[in-house]
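As the structure is a prediction and not an experimental result, all values here were calculated from the model.
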Amino acid sequence: MRFFSQYRHADGEYRRVPHTWKFPSLPLQNMYIYWHCGDEEGNIPPMKMFETRDVKFLQRGSKKLSEIRCVMKFLDTAATSAGSAPRQHMSHMEANACYKSSQPALCQVIPNDTPTGRKREKYRKLVV
């Protein structure tokens, strides 16, 4: 089991991320791993452990966390339906397996073409 630091911010609050932390802009698969595994090197816990208070110091922090949570819950539900239910603590390999099992459901809800007719890059980046 990993233990994570709490970071004291200028307002005296302790949060799961330091005041220098920003939401990562990652390809969807990497964001899914960050959601479930966090950033060990940076001592950041899995994003699924975040609470609103952890990100309220960021512009649109609560909204961004809510949007990411919505996408990750969709992927988790799809993985569970496919027989690869996510666990509370997962390795990168386990998170990758869950992500891959969710792909058929993701392909069904995101059209292959953009409204202008271009081919969509479905897995490019999760930008909130």
Asks: If we only count heavy atoms from C-beta on, is the Q6 to R15 side-chain gap below 4.5 Å?
Replies: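 They are not in contact (no side-chain heavy atoms under 4.5 Å apart), so the answer is no.
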
Asks: Verify the cluster assignment for F74 and L65: are they in a single hydrophobic cluster under the rule of side-chain heavy atoms below 4.5 Å apart?
Replies: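 Cluster IDs for F74 and L65 match.
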
Asks: Report yes if the side chains of W35 and D76 come closer than 4.5 Å at any heavy-atom pair, otherwise no.
Replies: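 Yes; the side chains approach each other to less than 4.5 Å.
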
Asks: Distance-only, no hydrogens or angles: does the R53 side chain make a donor-acceptor pair with backbone N or O of Y14 under 3.5 Å?
Replies: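 It does hold such a pair.
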
Asks: For a 4.5 angstrom cut-off between non-hydrogen side-chain atoms, does H36 reach E94?
Replies: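 Side chain of H36 against side chain of E94, heavy atoms only: no contact under 4.5 Å found.
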
Asks: Hydrophobic clustering (ILVMFWY, side-chain heavy atoms < 4.5 Å, transitive) - are L58 and V17 grouped together?
Replies: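 Yes, because V17 and L58 connect within a single hydrophobic cluster, where side-chain heavy atoms sit under 4.5 Å apart.
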
Asks: Do side-chain atoms of D39 reach the backbone of I44 as a donor and acceptor pair under 3.5 angstrom?
Replies: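 A pair under 3.5 Å: no.
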
Asks: Identify the heavy atoms of C37 and A95 that sit nearest to each other, and give their distance.
Replies: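 So the two residues come closest at SG-CB, 4.1 Å.
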
Asks: Which word best sums up how the rings of W21 and F50 line up, parallel for under 30°, tilted for 30 to 60°, or perpendicular for over 60°?
Replies: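 Rings of W21 and F50: perpendicular, over 60°.
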
Asks: Using only atom types and a distance under 3.5 Å, with no angle test, would you say the side chain of S66 pairs donor to acceptor with the backbone of S62?
Replies: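 No, because the side chain of S66 does not come within donor-acceptor range (under 3.5 Å) of the backbone of S62.
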
Asks: With side chains defined as the heavy atoms from C-beta onward, is the minimum distance between N43 and Y7 less than 4.5 Å?
Replies: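 With C-beta onward as the side chain, the pair touches.
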
Asks: Where do M72 and M31 come nearest, in terms of heavy atoms and distance?
Replies: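 Smallest heavy-atom distance, with atoms named: CE-CG, 3.6 Å.
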
Asks: Quickly, which of R87, H92, M93 forms a side-chain contact (heavy atoms from CB on, under 4.5 Å) with M90? Name it, please.
Replies: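 With M90 as partner, R87, H92, M93 yield a single side-chain contact (heavy atoms from CB on, under 4.5 Å), made by R87.
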
Asks: Examine distances only and state if a side-chain atom of E67 and a backbone atom of K64 form a donor-acceptor pair shorter than 3.5 Å.
Replies: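 Judged by distance alone, no pair lies under 3.5 Å.
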
